[in-house]
Number of protein chains: 2
Amino acid sequence: MTRRHQQIAEVLRRAITDGHLPLGSALPSETELAATHGVSRGTVRQALAALLAEGLIGSRQGARHIVLSTAPSQSFTALRSFAQWARAGGHSPGGRVLEAVRGAADGGEAALLQLAPGAEVLRVWRLRTLDGAPVLLERTVYAGWIAEAVEALPADCESVTQALLDSHGVVFAHGEHHLDAVAAGTADARELRVRRGSPLLRVRRTTTTAEGRPVETSDDRYRPGAVVFTVRNSTQANPLARTPAD
Amino acid sequence: MTRRHQQIAEVLRRAITDGHLPLGSALPSETELAATHGVSRGTVRQALAALLAEGLIGSRQGARHIVLSTAPSQSFTALRSFAQWARAGGHSPGGRVLEAVRGAADGGEAALLQLAPGAEVLRVWRLRTLDGAPVLLERTVYAGWIAEAVEALPADCESVTQALLDSHGVVFAHGEHHLDAVAAGTADARELRVRRGSPLLRVRRTTTTAEGRPVETSDDRYRPGAVVFTVRNSTQANPLARTPAD
DNA sequence: TAGTGGTCTAGACCACTAC
DNA sequence: TAGTGGTCTAGACCACTAA
């Protein structure tokens, strides 16, 4: 069952991406939208808040909402899951496990996964391909409580996210991502088919369930020119932060 | 004048960063918060929505809000302005203009700045330093209507953002950022004091006013190890997107 | 000055969680 | 089953924009 505010948001989203509401144009007033959709103004504002957070529209007190961007934004699922993201874009995802070993969490890993130092973890290296070409090398550390479920997956499992949801009901709900650039090491170069020292986009991330329980932390390295990360931000919604490196 | 919902959000934010509400703990119920602050539940929900968007807390229907992260997030101003970001972190920002020339917008620039192809633009190269060390090379293209104001700034102007606000009332309200990694070119290497071919974090961004009018577009390259970008996202708020490169 | 978005209230009902 | 968050309503007043 979809909620009224989600329906209204979807109608407006479609009007923007379809070009009925071109870049820079003004939306109908909140009162008008409430009348045409037969809801109260509060519900309309809930729908507009979603588009505001996506960076599609901007607002100023006293003036109507305006269209800031016409590019659709992606769902969290598409972002979190390489396979689902690839398929959503019409590409063919692939991948295989290079290595999977159990070990003891070091200090940093334990802190990120909220475990005791030395607790058992599962380390997995995965190579991801897009339309057959290697684009991403993942070095993932899973918390011990999920290790068995991960080990049970086939080596060429396309979507780990989807598999863990289906088999164990584990939902990836929140993520924190740190982006910077590094030079390709020996293993990076071999697997991604680039020269040693080539620039790679590194994304270090930690994912937790809806309850806030950390599931995995990962060091992902993208081949240059393969993938671009996009963030929209504003005075009204500010997801992106910049921090000095250690 | 600060709003009631902003005050409540600030109280909760402080309780989280101070450790009174530790990682994983539950917040008071919305009804309790409404009673203790003497406001309606709607106002409390407005405050919680802000923390939700910042990734500090998570929520599930039927369960209380929980603390997901204790790291403070930054304001848009700190993100947008290199100087203000540096000072907020206790660092000393610096910088100088390497070059500033007027020219005609090429096709890509015109599209990003919503100008007619061939319209006049101002191109500025700026080197930014943090505590004396070069960390960032900016190649910025300003729309013609703001060019004169930018040219009037001193070459060692610390905060262009602040200067344009003070002198012309131009507010940088929205931004779109694309992040990837590139190899340092000859000019990059010379100014940032790295070897040619070294990995650099590249951020291509376009900034607009609150009215949605593009002000500038820029290609920023960060020295490796100097700065890290952080994004928090979730099923409830998803600012980050990943797109295949062209 | 008329219209618009921002804020806030005081209710109501439902879906879901935790016990 | 009691409590909680998610949704929605129908008002009200204020700050701001645009003509």
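Residue numbers begin at 1 in each chain, while the letters A, B, ... track the order of the sequences.
Whole-Å rounding puts the Leu48(A) CG to dT7(C) C1' distance at 15 Å. In this structure, CZ of Arg64(A) is placed 14 Å from C1' of dA19(D), rounded to the nearest angstrom. Rounded to an integer number of Å, the gap from Gln7(A) CD to dG6(D) P is 19 Å. Here the C1' atom of nucleotide dG3(C) and the NE2 atom of His65(A) are 14 Å apart, to the nearest Å. One atom, CD1 of Ile57(B), and another, C1' of dG5(D), lie 11 Å apart when rounded to the nearest Å. In this structure, CD of Glu30(A) is placed 14 Å from C1' of dC16(D), rounded to the nearest angstrom. Atom CG in Leu33(B) sits about 13 Å away from atom P in dG6(D), given to the nearest Å. Put simply, CD on Glu211(B) is 15 Å from P on dG5(C), counting in whole angstrom units.
Phosphate proximity of dG6(D) to Ser59(B): present, with a side-chain N or O under 4.0 Å from OP1 or OP2. Note on Gln61(B): every side-chain N or O is 4.0 Å or more away from OP1 and OP2 of dT4(D). The side chain of Thr43(B) places an N or O atom within less than 4.0 Å of a non-bridging phosphate oxygen (OP1 or OP2) of dT9(C). Close to dC8(D), at under 4.0 Å from its OP1 or OP2, lies no side-chain N or O of Arg4(A). Applying the 4.0 Å criterion to OP1 and OP2 of dG6(D), one finds that Arg45(B) has a side-chain N or O inside that range.
Side-chain contact check for Glu138(A) and Ser218(A): no donor-acceptor pair (N or O, by modelled atom type) lies under 3.5 Å.
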Run Leu27(B) and Arg64(B) through side chain to side chain contact (heavy atoms under 4.5 Å, CB included) and show every step you take. CA-CA 6 Å; Leu27(B) 271 63; Arg64(B) 291 194 173 186; 5.8 Å; no
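Set against dT4(D), dG6(C), dC8(D), the side chain of Arg3(A) has dC8(D) as its closest nucleotide. With dA12(C), dT17(D), dG6(C) as the choices, the nucleotide that has an atom nearest any side-chain atom of Ala63(A) turns out to be dT17(D).
At a cut-off of 3.5 angstrom, the base of dG6(C) holds no donor-acceptor pair with the side chain of Arg60(A).
Nearest-nucleotide positions on DNA chain D for Gly62(A) and Gly42(A) put Gly42(A) closer to the 5' end. Between Gln46(B) and Arg41(B), the residue anchored nearer the 5' end of DNA chain C, judged by the nucleotide with its closest heavy atom, is Gln46(B).
Ring-centre distance between Tyr222(B) and Phe229(B): below the 6.0 Å cut-off.
Of the nucleotides present, dA2(C) is the one that pairs with dT17(D) by Watson-Crick or G-U wobble criteria, both distances under 3.5 Å. Across every strand in view, dA12(D) sits in a pair with dT7(C) that passes the Watson-Crick or G-U test at under 3.5 angstrom.
When every heavy atom of Ala105(B) is checked against every heavy atom of Val121(B), the shortest pair comes out as CB-CG1, 3.7 Å.
Checked by atom type and distance alone, the side chain of Arg213(A) never pairs as donor or acceptor with a backbone atom of Gly24(B) at under 3.5 Å.
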